[in-house]
Amino acid sequence: GGDTLEKHKLTIKWPNDVLLNEHKVAGILIESDQDYENHYYFLVGIGINYKFAPEIDSVGVHRGRTATCICDCIDCGNTDGIEEAKELGIHIAHDIKDWVSAQKGWDGAAEAIVQNWERWAEFGQTLVLRDDPADTLVIPIGIEKDGRLRVKGVDGKERLLCFDYLL
């Protein structure tokens, strides 16, 4: 038994937000660098709202999308959620390790990442440019191979975004 998240809408908002029923439930940050021997490595940070969702300003320079947490969508019981969140983190870490191992030496990995990401994204939805005082509206229409987001403004002009500007 028990509730599952399967009946809820799970999407990704470019570049790094995981949305549950249109509200932010997680964020992912990935940085890459090279060591002294020119080997690339990645630092992956994942924050998931499991038991609680932070209050997010809806106006001002620090405004953002309303947050939610997993326990808002499924019955998490009377626990504090710490053990369940740890278990979730372990599962995610193992899944990332398995996925990275499967990509080693595969030339098509970058293209597959973009295609997978597009599967979870919602294109065509009008969003607000967060850093624009005029609250300019844009519609995401695709992701470039280098990860930049192609958007179309209400004026019909297309441009590429390389940072998280969208609400």
Handout entry: Nearest-0.5 Å distance, NZ of residue K7 to CD1 of residue I74
Key =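 So the NZ of K7 and the CD1 of I74 are separated by 9.5 Å.
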Exercise for the section: Verify side-chain contact (heavy atoms from CB on, under 4.5 Å) between Y50 and D80, making sure each step is shown before the conclusion. Expected result: CA-CA 10 Å; Y50 186 81; D80 60 10; over 6 Å; no
Handout entry: Residues which pass side-chain hydrogen bond (donor to acceptor under 3.5 Å, both in side chains) with R148, listed by chain and number, not counting sequence neighbours
Key =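 So R148 forms a side-chain hydrogen bond (donor to acceptor under 3.5 Å, both in side chains) with D146.
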Practice task
List, by chain and number, the other hydrophobic cluster members for Y41, where Ile, Leu, Val, Met, Phe, Trp and Tyr join if side-chain heavy atoms come within less than 4.5 Å, directly or indirectly.
Solution key: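 L43, all in the cluster of Y41.
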Practice task
Could you state whether I46 and V18 fall into the same hydrophobic cluster, counting links through intermediate Ile, Leu, Val, Met, Phe, Trp or Tyr residues with side-chain heavy atoms under 4.5 angstrom apart?
Solution key: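 In one cluster with I46: V18, yes.
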Problem - Validation row: L137, V128 side chains within 4.5 angstrom (heavy atoms) - result: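 Contact flag for L137/V128 side chains = yes.
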Exercise for the section: Give a yes or no on this: more than 12 heavy atoms of other residues, nucleotides or ligands lie within 6.0 Å of atom CZ of F52. Expected result: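 Not more than 12 within 6.0 Å, no.
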Exercise for the section: Kindly give the heavy-atom pair with the smallest separation between P54 and A67, and that separation in Å. Expected result: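 Smallest heavy-atom distance, with atoms named: O-CB, 3.6 Å.
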Handout entry: Close side-chain approach of T68 to L20, heavy-atom, < 4.5 Å
Key =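 In short, these two side chains touch, coming nearer than 4.5 Å.
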Practice task
Check whether any side-chain heavy atom of H8 sits under 4.5 Å from a side-chain heavy atom of L10, and report yes or no.
Solution key: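 No, side chains not in contact.
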Problem - salt bridge (charged side-chain N to carboxylate O under 4.0 Å, His left out) partners of residues 42-57, not counting sequence neighbours, each pair once - result: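 For residues 42-57, and leaving out neighbouring residues, there are no salt bridge (charged side-chain N to carboxylate O under 4.0 Å, His left out) pairs at all.
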Practice task
Specify the closest pair of heavy atoms between R65 and E22, including all atoms of both residues, with the distance to one decimal.
Solution key: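 That would be NH1-O, 2.9 Å.
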Practice task
Look up atom CG in L19 and atom NZ in K24, then write down how far apart they are to the nearest 0.5 Å.
Solution key: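 L19 CG to K24 NZ: 8.5 Å, rounded to 0.5 Å.
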Practice task
Starting from the C-alpha separation in whole Å, work towards a yes-or-no answer on side-chain contact (heavy atoms from CB on, under 4.5 Å) for I143 and R150.
Solution key: CA-CA 6 Å; I143 301 171; R150 181 171 295 281; over 6 Å; no
Exercise for the section: Could you pull out the closest heavy-atom pair between P140 and V151, with the gap in Å? Expected result: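 Heavy atoms only, the tightest pair is CA-CG1, 3.9 Å.
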Counting only pairs under 3.5 Å, give me each side-chain donor-acceptor contact of residues 28-37, with atom names and distances, residues two or more places apart or in other chains.
{"unit_1": "Q34", "atom_1": "NE2", "unit_2": "N38", "atom_2": "O", "d": "3.4"}
{"unit_1": "D35", "atom_1": "OD1", "unit_2": "E37", "atom_2": "N", "d": "2.9"}
{"unit_1": "D35", "atom_1": "OD1", "unit_2": "N38", "atom_2": "N", "d": "3.1"}
{"unit_1": "D35", "atom_1": "OD1", "unit_2": "H39", "atom_2": "N", "d": "2.9"}

Practice task
Just jot down the disulfide bond (SG atoms under 2.5 Å apart) partners of C69, sequence neighbours excluded, or say none.
Solution key: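 Scan of C69 (disulfide bond (SG atoms under 2.5 Å apart), adjacent residues dropped) gives none.
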Problem - Residues, nucleotides or ligands: over 12 heavy atoms within 6.0 Å of W99 CH2 - result: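 Yes, enclosed.
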Handout entry: In one Ile/Leu/Val/Met/Phe/Trp/Tyr side-chain cluster, 4.5 Å: L161, W120
Key =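 Looking at the clustering, W120 is in the same group as L161.
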Handout entry: Non-hydrogen side-chain atoms of F123 and L149 separated by less than 4.5 Å
Key =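 The answer is yes, as the side chains (C-beta and beyond) meet within the 4.5 Å cut-off.
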Problem - Rounded distance [0.5 Å steps], NE2 in H23 versus CG in D72 - result: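 Interatomic distance, H23 NE2 to D72 CG, rounded to 0.5 Å: 9.0 Å.
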Practice task
Identify which one of V100, I92, I96 satisfies the side chain to side chain contact (heavy atoms under 4.5 Å, CB included) criterion when paired with V44.
Solution key: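 With V44 as partner, V100, I92, I96 yield a single side chain to side chain contact (heavy atoms under 4.5 Å, CB included), made by I96.
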Exercise for the section: Return each pair, listed once, that meets side chain to side chain donor-acceptor pair (under 3.5 Å) where at least one residue sits in residues 81-98; pairs must be two or more places apart or across chains. Expected result: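 Pairs touching residues 81-98 that pass the test: T79-E84.
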Exercise for the section: May I ask you to test the I70-V25 pair for a side-chain heavy-atom distance under 4.5 Å? Expected result: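 Heavy-atom side-chain distance check passes, below 4.5 Å.
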Handout entry: Non-hydrogen atoms of V138 and R159 that approach each other most closely
Key =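 Answer, listing the atom of V138 first, then R159: CG1-NH2, 4.0 Å.
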